[in-house]
Amino acid sequence: MVVTLRDVARLAGVSPATASRALSAPDLVAPARREQVQRAARELGYRPNRAARELITGRTGNLCLVVPDLENPFFAAVAKGVQARARTLGHAVFVADAEEDPRMESELVAHLGGQVDGAILCSPRMTDADLDRLSAEVPLVLVNREHAPLPSVVIDNADGVRQAVTHLHALGHRRVAYAGGPADSWSDSRRRLGLQDVSHGLSDVEVVNLGHFAPVFAGGVAAADLVAASGATAVLAHNDLVALGILNRLQARGLRVPEDVSVVGYDDIPAATLVSPALTTVTVPLARLGREAVDLLVAHGLRAGRQSAAERALAEALTVATDRFAEPAAPSATDGVRQRPGDDSAPHSRDTGDAPAPRTTAVETAGPAPVRLRVELVVRGSTSTAPRPTTMESDR
């Protein structure tokens with residue numbers, strides 16, 4: 001037998017309207033009454049009618065995540081964090097792969113915007129103007145990208161680079177190459193700025209810019225020959241996939257890692273420990289990036305309903321009348337409704353005790369401050385002391 005909302009209301013001893021609010025807009029119901037209704041729903045195994053819920057709340061219960069390349073373990077790990085956090089909050093997630101194409105990113109958000117309450121864009125390559133245009137149509141949160149009007153969660157790119165180069169400097173390396181990512185990558189631009197700062201702080205470190213490469217294994221293979229030709233004793237890669245490509249190609253050329261060239265990656269994907277030597281890399285809290293992004297999207301407002309009062313009343317009537325032959329539930333003494341001004345979306349509590357949610361700055365147009373996550377260098381076998389210069393017979 002199908003369990004209806006009236007069944008839940010009868011067991012909880014409340015009106016169908018209160019039961020509906022407790023399940024669809026719980027912040028509008030007193031905590032004790034809300035728990036009473038939710039407990040009854042769990043006992044009966046009640047599953048809400050999502051179509052009716054959408055009519056009542058004006059929301060679909062769906063979120064969208066757009067990533068540049070789902071085959072990249074970085075984005076796959078972020079996606080798992082997004083899905084896990086969204087699931088605990090009662091949302092489903094559409095995941096879309098933009099194939100490193102800024103135009104496809106924009107098209108995907110525009111296409112899915114009407115089916116979701118908000119979108120998370122991971123490392124978007126599109127322009128600021130495109131972000132502004134899309135944010136007027138659907139609430140957006142950025143991951144691994146900052147754009148002042150929009151909430152974002154990023155990692156401390158500059159500090160990650162500082163840790164990597166300081167580590168290499170301590171090992172005696174004085175000529176360090178950098179194999180960068182795509183030219184339109186925001187994180188790559190931040191890491192290059194970090195390298196400039198490091199170079200000023202460690203005046204005896206020379207950073208060799210090898211250029212921009214695809215953020216995949218093949219990009220690292222292409223960069224490796226330039227590493228060998230640069231005379232650098234160490235190389236910092238844009239990400240672990242590039243670093244693994246460099247390591248593979250250097251070894252194929254007969255160069256030893258780390259005896260001849262030290263290699264440092266970025267992200268700490270699972271494959272970083274599956275190669276020999278294991279990759280020294282900057283570890284990034286990938287799953288937490290996804291969780292924080294969902295929290296930001298909820299905290300800063302999912303798409304609000306636009307139904308009129310009459311439409312909302314009709315939708316609620318459709319929900320509570322799913323079983324026309326059910327006996328009327330006894331009216332409760334009080335609805336238990338707690339009045340609260342403003343909209344009905346409040347920030348959900350976080351599942352970690354980490355950095356608090358950002359607050360809106362005094363200047364409204366500036367948007368919320370980015371949530372910035374710390375990173376940490378993990379030293380493994382792909383780095384060692386710098387090789388000593390070859391002593392020529394004529395130098396003796």
Side-chain angles (χ1 to χ4, degrees), residues 24-25 50-51 53-70 75 78-79 82-83 85-86 89-154 184 186 289-290 292-309 311-312 315 342-348 357-358 360-361 363-371:
S24 63
R50 294 188 67 90
R53 179 183 175 185
E54 181 179 347
L55 286 172
I56 295 172
T57 64
R59 294 178 178 168
T60 65
N62 300 323
L63 305 179
C64 171
L65 171 66
V66 179
V67 300
D69 180 9
L70 199 52
F75 301 119
V78 172
V82 167
Q83 289 187 314
R85 184 62 174 149
L89 299 178
H91 300 287
V93 181
F94 298 151
V95 181
D97 188 335
E99 300 179 5
E100 295 282 353
D101 186 345
R103 291 174 300 178
M104 187 178 295
E105 285 177 344
S106 181
E107 291 172 0
L108 285 169
V109 176
H111 178 70
L112 293 171
Q115 306 173 54
V116 300
D117 301 323
I120 297 170
L121 307 184
C122 194
S123 299
R125 312 290 196 226
M126 71 179 75
T127 65
D128 290 348
D130 284 335
L131 288 173
D132 290 335
R133 175 178 55 80
L134 290 172
S135 66
E137 302 173 4
V138 60
L140 298 180
V141 164
L142 308 181
V143 174
N144 215 25
R145 167 83 177 267
E146 288 183 36
H147 179 51
L150 300 178
S152 61
V153 53
V154 298
D184 55 0
W186 179 86
L289 279 171
E292 292 281 350
V294 174
D295 286 348
L296 279 178
L297 193 56
V298 172
H300 290 281
L302 298 174
R303 188 197 304 276
R306 298 185 176 89
Q307 286 75 23
S308 66
E311 289 172 329
R312 289 176 179 271
D343 69 21
D344 61 356
S345 60
H348 293 260
T360 304
T361 59
V363 181
E364 192 68 24
T365 56
V371 173

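Using a 4.5 Å heavy-atom threshold, the side chains of L65 and F94 count as separate. The shortest distance between side-chain heavy atoms of V141 and L121 does not fall below 4.5 Å. Two residues are said to be in side-chain contact when any heavy atoms from C-beta on lie closer than 4.5 Å; P102 and D184 meet this criterion. Looking only at side-chain heavy atoms (C-beta outward), V109 and L140 come within less than 4.5 Å of each other. Side-chain atoms of S152 and H147, non-hydrogen and from C-beta on, never get closer than 4.5 Å to each other. With a 4.5 Å cut-off on side-chain heavy atoms, P68 and F75 count as touching.
For R133, the side chain to side chain contact (heavy atoms under 4.5 Å, CB included) criterion is met by S106, D130, E137, not counting sequence neighbours. Scored by the side-chain hydrogen bond (donor to acceptor under 3.5 Å, both in side chains) test, E99 finds no partners at all (sequence neighbours excluded). For A96, the side chain to side chain contact (heavy atoms under 4.5 Å, CB included) partners two or more places apart in sequence, or in a different chain, are V66, L108, L112.
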Before you tell me yes or no, could you show the steps for V294 and L297 under side chain to side chain contact (heavy atoms under 4.5 Å, CB included), namely the whole-Å CA-CA distance, both residues' side-chain angles and the distance that decides it to 0.1 Å? CA-CA 5 Å; V294 174; L297 193 56; 5.7 Å; no

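Using modelled atom types, no side-chain atom of R125 and backbone atom of E105 make a donor-acceptor pair closer than 3.5 Å. In this structure, N144 contributes its side chain and V154 its backbone to no donor-acceptor pair below 3.5 Å. No side-chain donor-acceptor contact under 3.5 Å links D69 to the backbone of E100.
Pairing each heavy atom of P149 with each of P368, the nearest pair is O-CD, 4.2 Å. In plain terms, the two heavy atoms of D117 and G61 that are nearest each other are OD2-N, 2.8 Å. Scanning both residues, V138 and A119, for their nearest heavy atoms gives CG2-N, 4.3 Å. The minimum heavy-atom distance between L134 and A110, with the atom names listed, is CD2-N, 4.2 Å.
To the nearest 0.5 Å, atoms CZ (R145) and CG (L131) are separated by 5.0 Å. Remark: L63 CG to Q83 CD distance equals 10.5 Å, nearest 0.5 Å.
The only member of V298, V93, D295 that meets side-chain contact (heavy atoms from CB on, under 4.5 Å) when paired with R85 is D295. When each of L289, V82, L296 is tested with V143 by the rule side-chain contact (heavy atoms from CB on, under 4.5 Å), just one qualifies, namely L289.
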